[in-house]
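For the numbers below, each heavy atom of this structure counts, side chains included, while hydrogens, waters and symmetry mates do not. Each chain gets a letter, A, B and so on, in the order its sequence line appears, and its residues count up from 1.
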Protein chains: 2
Amino acid sequence: MIEATEPFAMFAEAILPSDLPDALYMHLGAIAEQCELAAHEVQTHSGDAEKLIFIAQGSAKLVAKGAGEREQIIGFHFAGDFLRLPCPCEHSYTLVALEDAQLLVFSASQFVELARGEPGILQHLLDQSATMLDRSREKSIVLGRKNACERMASFLLSMARRIGEEQADTIRLTLPMSRREIGESLGLTIETVSRQLTLLRDAQIIETHGRNQVILRHPEELQKRSGWLTRAN
Amino acid sequence: MIEATEPFAMFAEAILPSDLPDALYMHLGAIAEQCELAAHEVQTHSGDAEKLIFIAQGSAKLVAKGAGEREQIIGFHFAGDFLRLPCPCEHSYTLVALEDAQLLVFSASQFVELARGEPGILQHLLDQSATMLDRSREKSIVLGRKNACERMASFLLSMARRIGEEQADTIRLTLPMSRREIGESLGLTIETVSRQLTLLRDAQIIETHGRNQVILRHPEELQKRSGWLTRAN
DNA sequence: CGCCCATTTGAGCGGAATCAAGATCAGTGG
DNA sequence: CCACTGATCTTGATTCCGCTCAAATGGGCG
């Protein structure tokens, strides 16, 4: 019934303890809502409750919409991420696919209800929360105190950690987001993002190929330019 | 009258389920480390592990220290808050008292170990995490997309929600933080903070008395000026 | 009362936003 | 395979908001 490539199997592999009772496994499978998104498609939440979303394939952005055209991208998410989407009644956040994606959507309350008896799951959820919180705090530093150059360097390093492919002493990135989306994430305009990339390219620190291939030639130099000493995954 | 209840009792009252087994209660009490901080004193973590900190009394700021003099305040915390302090080996965050404060410090791993059998505690912890994450995301919006005026308005409203005393249709704030600290939280300089407060005072939207009393005369007007439609708790 | 330091106010500057063209890339259809 | 097309991205010129530097004011405490 369940193939290896199916979203729920990937979820179980990534998130659930291996010794989980079959009954609970089935229950979780029963409340999981599969959801396929085409690139740029918005995840539409059925109901108004808080959701837990596992990204089985593809990538997505969590967006806060403001008055007028203003949007702030709260974060990017990639395959394997397990994130909480606050209930839309309180915050106008939406999850939008960057490329074709497969999601698994849970009602947070249902999920926690089922997980109650399994401390392992709750603890994993707690760990995920901690990771998200750390990323968000890191973002506060970027947005609060860094200049354009430092933001760009921080962004590239962060992407390198999450989706970079190491090759010799360089790192190859295939960015699923546009310049505009990078800007909306970093609190910069598209023009500034473009200019900073040009500066880094001129300084031989990065190479760009096409619109979304970037090769980090000197990650350690990016590190220097990213400002601040604090650094971790 | 005994003026101050004991920190652990306050913690139990605020965080622990009322039907908690006595044994577990005692165990938690045993691993809790009491900690009194004078104003501006830094919380010094014994050991390098992740900590969970309950603020029994007073208030504190969570600070990220950067190269040189740069500091970003990640968040303010008040009595009743239960927060996670990442292990100092990975991020250089410190908790600093804004005024005299009483804390309860747990090793996160020990705490979770004990709480494993009590889903109620883990769930509460999870809820706290969710609140912290929401606040942090809200901060990303403020820092990423708002101008000085909107940041100031957002800050005042946020403080009103957390430590404001409602009086008729106005709200009284007693701010435990300095202008500099407000600036470091909002990604602004002390001068800009001061100027924005002056503008709001001139517009009759707020009154200030002394250095840290603020009265919000027209919260709804602040709301308008805070930008963005998203608003909650 | 008088000192010290936080805050306020003022003047000028600078970095990123905005406005405005061009250049380049990815499809599309001939 | 290549020309056409529209969107995305890059580059340039100018503007403006918030930072920096500097000075004045005022609150709080001895």
Ion pair check, A/Glu221 and A/Lys224, cut-off under 4.0 Å
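Looking at A/Lys224 together with A/Glu221, the answer is yes, because their closest N to O distance falls below 4.0 Å.
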
Salt bridge check, B/Arg70 against A/Glu150: does any charged N sit closer than 4.0 Å to a carboxylate O?
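Yes.
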
Between D/dC19 and B/Thr192, is there an OP1 or OP2 to side-chain N/O distance shorter than 4.0 Å?
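Checking B/Thr192 against D/dC19: at least one side-chain N or O falls below 4.0 Å of OP1 or OP2.
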
Below 4.0 angstrom from OP1 or OP2 of D/dT8, is there any side-chain N or O of A/Ser178?
no

Given the structure, check if the side chain of B/Arg211 and the base of C/dT7 hold any donor-acceptor pair shorter than 3.5 Å.
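Answer no: no donor N or O sits under 3.5 Å from an acceptor.
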
With no angle test and no hydrogens, is the base of C/dT8 tied to the side chain of B/Arg195 by a donor-acceptor pair under 3.5 Å?
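Result: no qualifying N/O pair found.
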
Between [atom2] on [N] and [atom1] on [X], what's the gap in Å once rounded to a whole number?
X: B/Leu143; N: D/dG18; atom1: CG; atom2: C1'; result: 15 Å
X: B/Arg145; N: D/dC17; atom1: CZ; atom2: C1'; result: 15 Å
X: B/Ile182; N: C/dT8; atom1: CD1; atom2: P; result: 9 Å
X: B/His209; N: C/dT7; atom1: NE2; atom2: C1'; result: 17 Å
X: B/Leu188; N: C/dA16; atom1: CG; atom2: C1'; result: 15 Å
X: A/Gln213; N: C/dA26; atom1: CD; atom2: P; result: 10 Å
X: A/Arg180; N: D/dT10; atom1: CZ; atom2: C1'; result: 14 Å
X: A/Lys146; N: C/dG15; atom1: NZ; atom2: P; result: 19 Å

Taking CD in B/Gln213 as the centre, count heavy atoms belonging to other residues, nucleotides or ligands within less than 6.0 Å. Is the count above 12?
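More than 12 heavy atoms, drawn from other residues, nucleotides or ligands, come within 6.0 Å of this atom.
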
Quick one: label [X] by what it contacts on the DNA or RNA (base, sugar-phosphate, nothing), any heavy atom closer than 4.0 Å.
X: A/Leu197; answer: nothing
X: B/Gly187; answer: sugar-phosphate
X: A/Thr198; answer: sugar-phosphate

5′-ward residue of the pair A/Gln196/B/Arg179 relative to DNA chain C:
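That would be B/Arg179.
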
Closest nucleotide among C/dA16, D/dT10, C/dT18 to the A/Arg201 side chain:
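Taking heavy atoms from C-beta onward, the closest nucleotide is D/dT10.
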
Which of these nucleotides, D/dG18, C/dT8, D/dT10, is closest to any side-chain atom of A/Ile190?
D/dT10

No-hydrogen, no-angle side-chain donor-acceptor test under 3.5 Å, B/Ser154 and B/Lys146:
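Yes, a side-chain donor-acceptor pair sits under 3.5 Å.
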
Which comes earlier along DNA chain D counting from the 5' end, the contact point of A/Glu191 or that of B/Gly210, where each point is its nearest nucleotide?
A/Glu191

Exactly one of A/Leu199, A/Leu197, A/Ile171 should register a side-chain contact (heavy atoms from CB on, under 4.5 Å) with A/Ile206. Which one does?
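Of all the options given, the one that passes is A/Leu197.
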
